[in-house]
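The block underneath contains the structure these notes are about, expressed in structure tokens.
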Amino acid sequence: MTDDDRIKLEPSWKHALRAEFDQPYMHELREFLRQEHAAGKEIYPPGPLIFSALNSTPLDQVKVVILGQDPYHGPGQAHGLCFSVQPGVPTPPSLVNIYKELQRDLNIAIPTHGYLQHWANQGVLMLNTTMTVERANAASHAKKGWQFFTDRIIEVVNEHQNGLVFLLWGAHAQSKRSLIDPEKHLVLTSVHPSPLSAYRGFIGCGHFSRTNKFLEQNGQAPIDWTLPAL
């Protein structure tokens with residue numbers, strides 16, 4: 001983000017979001033990140049991975065949207081897809097619970113890793129509403145401007161086509177519900193899959209099977225939620 005030449009944005013998203021990069025909030029966000037780097041702070045994910053969610057899932061290929069909050073703040077974890085961690089990193093607790101529900105819902109064996117790129121490649125937009133974080137400092141970049149950018153991403157996806165599935169897990173994700181037209185899309189909500197709340201409604205929600213049923217009813221291929229071994 002501090003060096004525009006290093007940020008490569010997939011063409012369909014670059015076109016759809018072009019005006020956002022000229023907004024005052026984006027200039028302020030760039031300057032904030034530049035100053036954080038200059039102060040020697042470690043920022044996750046690394047610069048080239050900030051836009052991984054967009055680069056992995058072009059706008060025309062989006063079928064499902066999963067909203068997260070901010071990136072993991074431990075070393076080597078975040079790589080730009082919500083809930084996902086890089087290969088070789090232990091699976092975080094919330095993702096463990098996502099896997100438990102997948103196993104319960106679709107009888108999918110629990111993967112041995114937490115790398116969700118296979119989902120993104122099939123049209124699952126895995127968007128954190130804040131796209132950067134300082135090491136060991138959760139939510140440190142919330143309200144620094146990312147929220148305007150990611151709200152616009154949600155609006156663009158909502159407007160672009162019909163028949164998408166939005167998975168809103170937890171209060172923060174559900175706060176974005178007003179940006180989504182429920183007449184055009186399937187919006188599924190539940191508590192967050194974190195250990196604090198997963199057993200109050202996430203486990204048992206059936207969102208993965210319901211997503212695939214909706215996609216198939218709308219002439220789309222279902223998501224293969226099985227993760228290949230690394």
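Salt bridge R152/E159: present, at least one basic N to carboxylate O contact under 4.0 Å.
At distances below 3.5 Å, at least one donor-acceptor pair connects side-chain atoms of Q161 with backbone N or O atoms of V62. Between the Q77 side chain and the G74 main chain, a donor and an acceptor come within less than 3.5 Å of each other. With hydrogens and angles disregarded, a donor-acceptor distance shorter than 3.5 Å links the side chain of H113 to the backbone of P228. One N or O on the side chain of S140 and one on the backbone of N137 form a donor-acceptor pair closer than 3.5 Å.
A single hydrophobic cluster is not seen to contain both L188 and F166; linkage of ILVMFWY side chains at heavy-atom distances under 4.5 Å, directly or through other members, places them apart.
Contact of the H141 side chain with the L33 side chain is registered, since non-hydrogen atoms from C-beta on lie closer than 4.5 Å.
The aromatic rings of F208 and W119 lie tilted to each other, with the angle between the two planes from 30° to 60°.
A ring-centre distance under 6.0 Å is found for F83 and W169. A centroid separation of less than 6.0 Å is found between the aromatic rings of H79 and Y115. For an aromatic pair to be called close, the ring centres must be under 6.0 Å apart, and F21 with H27 fails this.
Heavy-atom neighbours of K213 NZ from other residues, nucleotides or ligands within 6.0 Å: at or below the threshold of 12.
The one candidate from D105, L95, I203 that meets the side chain to side chain contact (heavy atoms under 4.5 Å, CB included) condition with K100 is I203.
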